[in-house]
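Report on the following structure.
When a residue number appears, it is its place in the shown sequence, counting from 1. What you see is a predicted model; the values in this text were computed from it and never measured.
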Amino acid sequence: MEQYSPAVPMSGGQTQTGGNTGPLIIVTILFFMWGLLTSLNDVLIPHLKAVYTLTYVQAMLVQFCFFGAYFIVSLPAGMLIKKIGYQNGAVAGLTIAAAGCALFYPAATSGYTLFLIAFFVLAGGITILQVAANPYVTVLGDSQTASSRLTLTQAFNSLGTTVAPTLGGMLILAGGVMSSADMAKLTTEQLAAYHTTQAASVQGPYLVLAAALLALAVLFALARLPKIVDAEQAGGESAGWSAVLQHRHLVLGAVAIFLYVGGEVSIGSFLINFIGDAKVAGLSTADAAPFVSYYWGGAMVGRFIGFAVMRYVSPGKALAFNSAAVIALVLIAIFTGGKLAMWAMLAVGLFNSIMFPTIFSMALNKLGPLTGQGSGVLCMAIVGGALVPFAQGLLADTVSLQMSFLVPAACYTFILYFGLKYAGMYSAEK
């Protein structure tokens with residue numbers, strides 16, 4: 001899962017460099033953890049759905065709470081960081097995220113509602129952490145090599161998203177779950193005990209994650225980091241939202257971000273159930289989980305391919321090509337079956353790779369002093385990850401799981417339009 005708050009250069013930022021290898025390692029680990037924690041949702045959704053016999057819409061409450069936190073917490077996070085500073089803000093974000101992971105322990109014996117609260121707290125901490133820690137990628141070293149450092153951290157973020165499904169499958173799904181028919185034969189007491197046992201499989205892994213986040217909080221608190229002063233603190237002025245929203249390409253870009261994040265999250269959320277469908281591969285959740293790593297691994301590989309290709313091809317054209325490829329692959333997965341459908345859906349990750357950063361940069365093109373506010377608009381559009389999966393869940397419950405993928409296909413159709421519309425307005429040079 002992509003790290004959804006790209007670092008945006010801060011005009012007027014005051015930094016100091018030197019002796020930054022240690023702090024950069026800590027920040028790189030943070031990017032890895034963000035990818036790991038977010039991608040684990042794709043494993044937990046089918047697990048919780050089976051344990052609590054949820055509908056698809058009910059199961060998508062996980063993503064609603066997780067990505068809803070991005071929308072709700074982003075602005076308060078910015079205000080908090082202005083008050084306590086970037087370094088203390090990162091420590092606060094890590095601590096809150098650790099608390100969210102720790103909440104998974106009592107949730108295992110309390111029910112689905114506390115799991116949802118835990119997801120919200122975890123994502124709220126991640127949101128604060130991203131707002132605070134992202135700028136350090138830019139300032140921990142020479143400004144001329146900032147792009148290479150961002151590429152490195154993004155690669156580790158992708159590594160986290162790639163290993164999480166396989167790791168989660170081994171640690172959380174290995175025990176398997178009963179079918180609905182088998183659970184119906186259990187007494188009330190037996191069913192309650194079964195739910196507790198199955199839900200408890202998340203306790204150990206998330207306690208380890210909580211401990212790791214707390215350890216990172218301590219390291220971040222002790223690290224000697226450059227002081228960051230943002231544009232407003234340095235005496236800059238911010239323009240009103242109305243001025244920002246007058247830029248049509250930014251508004252359309254925000255819609256594209258909303259639909260891209262929504263489509264990507266939807267596909268990832270339903271992948272294990274899709275692969276487990278009898279018409280596709282018919283695998284158990286434990287056997288299906290490692291295949292989700294191919295989806296996120298494809299995105300990691302695609303970033304390197306995209307980096308090379310987009311030196312010669314305009315961002316808009318690259319975005320349009322990848323969108324068209326995704327639409328074709330999703331339609332193949334919908335209207336065929338077996339391994340062809342499975343691998344077509346997994347291949348979507350390869351073409352997802354460049355979309356978020358490409359849409360983001362195209363939407364901010366030539367905004368000048370409005371870049372900061374424009375970035376805020378785009379980050380709020382990430383709430384698509386909370387809402388679009390609901391639409392797919394509703395279609396999956398009322399029609400079929402396979403046909404429900406028409407929802408993300410429709411999302412990518414708008415992204416195709418956005419890429420084509422602005423294909424000629426942006427230079428291929430980086």
Side-chain angles (χ1 to χ4, degrees), residues 2 4 6 67 71 244-270 295 298-299 302-303 305-306 309-310 312-335 344-345 347-367 370-371 373-392 394-395 403-430:
E2 286 171 280
Y4 282 123
F67 284 93
F71 184 77
V244 180
L245 297 178
Q246 288 177 3
H247 293 267
R248 181 173 173 80
H249 71 286
L250 172 67
V251 175
L252 293 179
V255 175
I257 288 287
F258 179 96
L259 294 174
Y260 167 70
V261 175
E264 183 200 42
V265 170
S266 268
I267 292 174
S269 301
F270 286 90
Y295 177 71
R303 282 195 177 97
I305 297 173
V309 170
M310 291 173 66
Y312 308 100
V313 179
S314 75
K317 290 178 180 178
L319 181 64
F321 175 85
N322 280 30
S323 301
V326 169
I327 294 168
L329 288 168
V330 172
L331 291 178
I332 290 171
I334 291 173
F335 294 109
M345 194 66 76
V348 168
L350 178 67
F351 296 94
N352 271 342
S353 54
I354 66 160
M355 289 194 188
F356 186 85
T358 302
I359 297 169
F360 209 95
S361 61
M362 288 173 65
L364 293 180
N365 187 267
K366 297 180 180 178
L367 287 188
L370 299 177
T371 298
Q373 289 91 329
S375 177
V377 171
L378 296 175
C379 286
M380 291 178 71
I382 291 167
V383 74
L387 300 178
V388 173
F390 263 125
Q392 183 169 356
L394 182 62
L395 197 59
M403 293 301 294
S404 73
F405 283 92
L406 286 171
V407 171
C411 293
Y412 287 100
T413 301
F414 181 87
I415 299 167
L416 171 62
Y417 159 76
F418 178 75
L420 290 174
K421 182 174 179 63
Y422 296 106
M425 293 180 63
Y426 300 87
S427 169
E429 293 182 10
K430 295 297 176 188

Atom of Val330, atom of Met345 and distance for their closest heavy-atom approach
CG2-SD, 4.3 Å
Between Ile415 and Ser323, what is the shortest heavy-atom contact and its length?
CG2-OG, 3.2 Å
Write down the atom of Met310, the atom of Ala318, and the distance for their closest heavy-atom approach.
CG-CB, 3.9 Å
Measuring from Phe335:CZ to Leu406:CG, what's the distance to the nearest 0.5 Å?
5.5 Å
Donor-acceptor under 3.5 Å (Thr371 side chain, Leu367 main chain):
no
To the nearest 0.5 Å, atom CZ of Phe71 lies from atom CZ of Phe258 at 9.5 Å
Gap between atom OG of Ser404 and atom CD of Gln392 - 0.5 Å precision:
4.0 Å
Specify the closest pair of heavy atoms between Ala381 and Ala254, including all atoms of both residues, with the distance to one decimal.
CB-O, 3.3 Å
Spatial distance of atom OH (Tyr417) from atom CG (Leu319) [nearest 0.5 Å]:
13.0 Å
Do Cys411 and Val388 come close enough that some side-chain heavy atom pair is under 4.5 Å?
yes
Taking every non-hydrogen atom, the tightest pair across Ala363 and Gly253
CB-CA, 3.9 Å
Can you confirm whether Met355 sits close enough to Phe360 that some side-chain heavy atom of one is under 4.5 Å from a side-chain heavy atom of the other?
no
Decide if atom CZ of Phe414 counts as having more than 12 heavy atoms of other residues, nucleotides or ligands within a radius under 6.0 Å.
yes
Taking C-beta and beyond as the side chain, do Tyr412 and Asn322 meet within less than 4.5 Å on heavy atoms?
no
Do Leu387 and Phe67 have side-chain heavy atoms sitting under 4.5 Å apart?
no
Under the side chain to side chain contact (heavy atoms under 4.5 Å, CB included) criterion, do Phe356 and Ile257 qualify, and how do the steps go?
CA-CA 7 Å; Phe356 186 85; Ile257 288 287; 3.7 Å; yes
Is the distance between the ring centroids of Phe418 and Tyr422 less than 6.0 Å?
yes
Closest approach of Ala320 and Gly419, non-hydrogen atoms and distance?
CB-C, 4.2 Å
To the nearest 0.5 Å, what is the distance between CG on Leu378 and OG on Ser375?
6.5 Å
Side-chain heavy-atom pair Ile305, Leu350 within 4.5 angstrom cut-off:
yes
When rounded to the nearest 0.5 angstrom, what is the spacing between OH in Tyr295 and CD1 in Ile267?
4.5 Å
